[in-house]
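All residue numbers refer to positions in the sequence shown, counting from 1. Note that ligands are numbered from 1 as they come in the structure, with each ligand's atoms numbered from 1 the same way.
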Amino acid sequence: MTAFVARHVLNKVTSVLHFFVFLLMAVAILAPCALAVPVPIVLTGADRRPATSLNGEWASIVDPYFSGLFSFHHEEKKNGYFMNYKAKPGDPFPTEYDFSKAPKLKVPGDWNTQRDSLMFYEGPIWYEKDFTYDPKPHTKVFLHIGAANYHSWFWVNGQKVCEHEGGFTAFNCDVTEAIHAGGNFVVAAVDNTRHEDNVPTLETDWWNYGGLTREVSLIQVPETFIDQYDLHLSGKEAGSIEGWVHVIGGQPGEKVDVEIADLRGKATADIGADGRAAFHFNVQGLERWTPESPKLYKVAIHAGGDSINELMGFRTIETRGSEILLNGKPIFLRGISIHAEAPYRTGRAYSDKDAETLLGWAKELGCNYVRLAHYPHDETMLRAADRMGLLVWSENPVYWALQFDNPKVLAKAEQQLDEEINTSRNHAAIILWSMANETPNNTARTQFIETLAIRARSLDPTRLITAALLVRAKGDTKIVDDPLGKALDVIGINEYIGWYEGHPESADTTQWQIDYEKPVIVSEFGAGAKAGLHGGENERWTEEYQADVFRHQLPMLNKIAQLRGMSPWCLMDFRSPNRPLTGIQDEFNRKGLISDQGQKKAVFYVLQKAYKEKTIGKAD
Ligand code: GCU
């Protein structure tokens, strides 16, 4: 063979080899995509849309080894419990599960408080529900989940429709291709196992309530639909409303309308190349939302065949030096911290009644503000805050010592922050996005949370960014110089003088050095007491001791020149596995001003008096 021919043949062979290498690479890259499960989306104002509720009883299977999903060599099964198979005579293999015979769990609701055997359970549990549906032509159908703690997987009619991580934010799975007319079934697997690289991480001071803890429903939208929007009062021009409406499936140039009938306000805007229609229009006679007068307006948003009827308040929030200005006027935030713990029944709160009981107690206390700790609370709580006139600190669950040097953990925190802000960005009540709580002061942590703060500002430039910081001590002086403060608009500080350190009267001689000329909110202070336990002021766990801590705290806090708010810890006793003291705690954190059974402790009236007489903080 001449050299020429040999070279020609070699070229041919090489190009064929290149083709096969390319083909293999393409398969390697595309194959997972082909099997990839669609990522769930955010639907702003999902609770304002007509929906088919899937709340109620679901069949359940407790599956600690997750054998319903994974084979023994940890590969996802093709015929796991999600197939909801019904054994037939003559089957070649036994079917060792049957949802139709399985015990029930109520949705919404954590599983821990529904069955004694599940109170401490951490692991996977399966849920299954049959439903009938009649999908309309030219529509899309989403499975809406208000929250599933912590990691969850969903199938409709045996077809995987989504997977989600994060226990406190709503998400929506596109089930259009999997659902059909007539009888359907949905299967969910929810795993509340804690992992070091989760957000939050292994250790929290609250109960790890697992399950479908908030509402589940089906939402049908036109093929072109509104997925996210943000409308707010312009901070620059009085009486002008600005924002945007994002449309999926819309074409640039198509129209979106926004109408506020009571203000005779109406505007139309074109969808841009980014899918967003930008709005900026004037209205007459707008009454600004305030805690004293929480005015809500009906806002109709139309895009193509889709529409949403919102209920929104309009106000401005900003800082000026160390002042917080609501609608341009200085305000002092008389608050209380609240966990999403259901009054009386305990467990994860989810209902309007839960929200109205908790926020009703906050109003009775004299609050104009609540810190909804330590994770995004649900839309029922935020709608109630809008209605009842309570300003809100909403918090991403970056709690204590996460793996701050792990990019995967940052991505999880960013995903949950995005879901929190994009779901709840239209609540007038929310004024503060909190990035974190009590994180250790080190470089990796500061960079991690600065990244979140920048992200939050880009998602929502209309609100204030904060975090609850730890303080350090030098003799009798408390020093607030955490470098993270530079990235915040409002400095939150947690301190427990009189409980975790010193005695109640230690507060009398404590000085404060705050290295920031920014508004300060004391986001936590307090002490534990068992309701009904009485004794001397020097006896821990008595109502008298707890009240005495507050009596010494309040005058001390008034010495802080930048003090613009407080949210003592906390409104109501809540479950925590960190609090086992028999006869006193019994797995409850007892720092509530009110017991989980609604008993107001003496301290409730100490704080109520200070708030009602405005002897704490600058009168606004
Ligand atoms: C911490 C933490 C709370 C916890 C509280 C307490 O500051 O932020 O989540 O419950 O202290 O110790 O009671």
Side-chain angles (χ1 to χ4, degrees), residues 149 167-168 194 198-209 335-341 346 348-349 358 370-377 393-402 413 432 434-441 445 449 466-473 478 480 482 484 488 490-502 504 507 520-531 540-541 543 545-547 549-550 553 557 565-581 584-596 601 603 607:
N149 187 46
F168 302 97
R194 288 164 296 114
N198 279 5
V199 177
T201 185
L202 287 171
E203 180 81 11
T204 65
D205 188 22
W206 68 79
W207 208 270
N208 179 28
Y209 289 129
I336 191 74
S337 291
I338 301 179
H339 258 300
E341 182 88 41
T346 74
R348 186 61 66 223
L358 291 168
V370 289
R371 177 188 180 204
L372 299 185
H374 283 295
Y375 37 75
H377 288 221
W393 157 316
S394 182
E395 188 155 290
N396 198 19
V398 176
Y399 180 94
W400 289 353
L402 268 63
L432 292 150
S434 168
M435 300 297 104
N437 178 74
E438 292 195 352
T439 54
N441 177 355
R445 177 286 321 235
I449 299 177
T466 189
L469 305 178
L470 291 165
V471 302
R472 64 189 183 88
K478 288 290 183 189
V480 180
D482 186 326
L484 181 57
L488 307 177
V490 174
I491 306 286
I493 56 177
N494 291 357
E495 51 88 6
Y496 280 90
I497 297 165
W499 184 254
Y500 290 126
E501 52 178 294
V520 167
I521 292 177
V522 179
S523 31
E524 286 182 37
F525 69 89
K530 181 169 170 63
R540 277 184 189 281
W541 302 113
E543 289 193 29
Y545 186 100
Q546 182 187 38
V549 167
F550 276 62
Q553 277 271 354
L557 297 178
M566 62 172 61
S567 49
W569 193 258
C570 61
L571 179 69
M572 187 185 86
D573 292 350
F574 58 93
R575 286 188 190 277
S576 169
N578 291 338
R579 310 295 177 172
L581 180 59
I584 297 284
Q585 295 177 314
D586 299 318
E587 277 102 30
F588 278 85
N589 183 314
R590 293 290 184 200
K591 295 190 185 68
L593 277 58
I594 303 173
S595 79
D596 50 286
K601 305 172 191 176
V603 69
L607 187 61

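Heavy atoms of Tyr496 approach ligand 1 to within less than 4.0 angstrom.
Rounding to the nearest 0.5 angstrom, the gap separating the CD1 atom in Ile521 from the CD1 atom in Ile491 is 10.0 Å. Here the straight-line distance linking atom CD of Glu495 with atom CH2 of Trp569 works out to 14.0 Å at 0.5 Å rounding. The CD atom of Gln546 sits 6.0 Å away from atom CG of Leu593, with the distance rounded to the nearest 0.5 Å.
Among His339, Glu524, Arg590, the residue whose heavy atom lies closest to atom 1 (C) of ligand 1 is Glu524.
In Asn589, the part holding a heavy atom less than 4.0 Å from any atom of ligand 1 is the side chain. Residue Arg579 touches ligand 1 through its side chain alone, judged by heavy-atom distances below 4.0 Å. Looking at Tyr399 against ligand 1, only its side chain comes within 4.0 Å, counting heavy atoms. Residue-level proximity to ligand 1 for Phe525 is absent, since no heavy atom of it falls below 4.0 angstrom.
With hydrogens and angles disregarded, a donor-acceptor distance shorter than 3.5 Å links the side chain of Arg348 to the backbone of Ala340.
Asn149 and Asn208 form a side-chain donor-acceptor contact under 3.5 Å, judged by distance and modelled atom types alone. There is a side-chain donor-acceptor pair under 3.5 Å between Asp205 and Ser576. Between the side chains of Arg371 and Ser523, no donor-acceptor pair of N or O atoms lies under 3.5 Å.
The distance from ligand 1 to the heavy atoms of His374 drops below 4.0 Å at these ligand atoms: 3 (C), 8 (O), 9 (O).
Both tests hold for Arg540 against Trp499: distance to the six-membered ring centre under 6.0 Å, angle to the ring axis within 45°.
Looking only at heavy atoms of the protein, atom 12 (O) of ligand 1 is closest to Tyr500 OH, 2.6 Å. Scanning all protein heavy atoms for the shortest distance to atom 10 (O) of ligand 1 gives Asp205 OD2, 2.6 Å. Looking only at heavy atoms of the protein, atom 7 (O) of ligand 1 is closest to Glu438 OE2, 2.3 Å. The protein heavy-atom contact nearest to atom 13 (O) of ligand 1 is Lys591 NZ, 2.7 Å.
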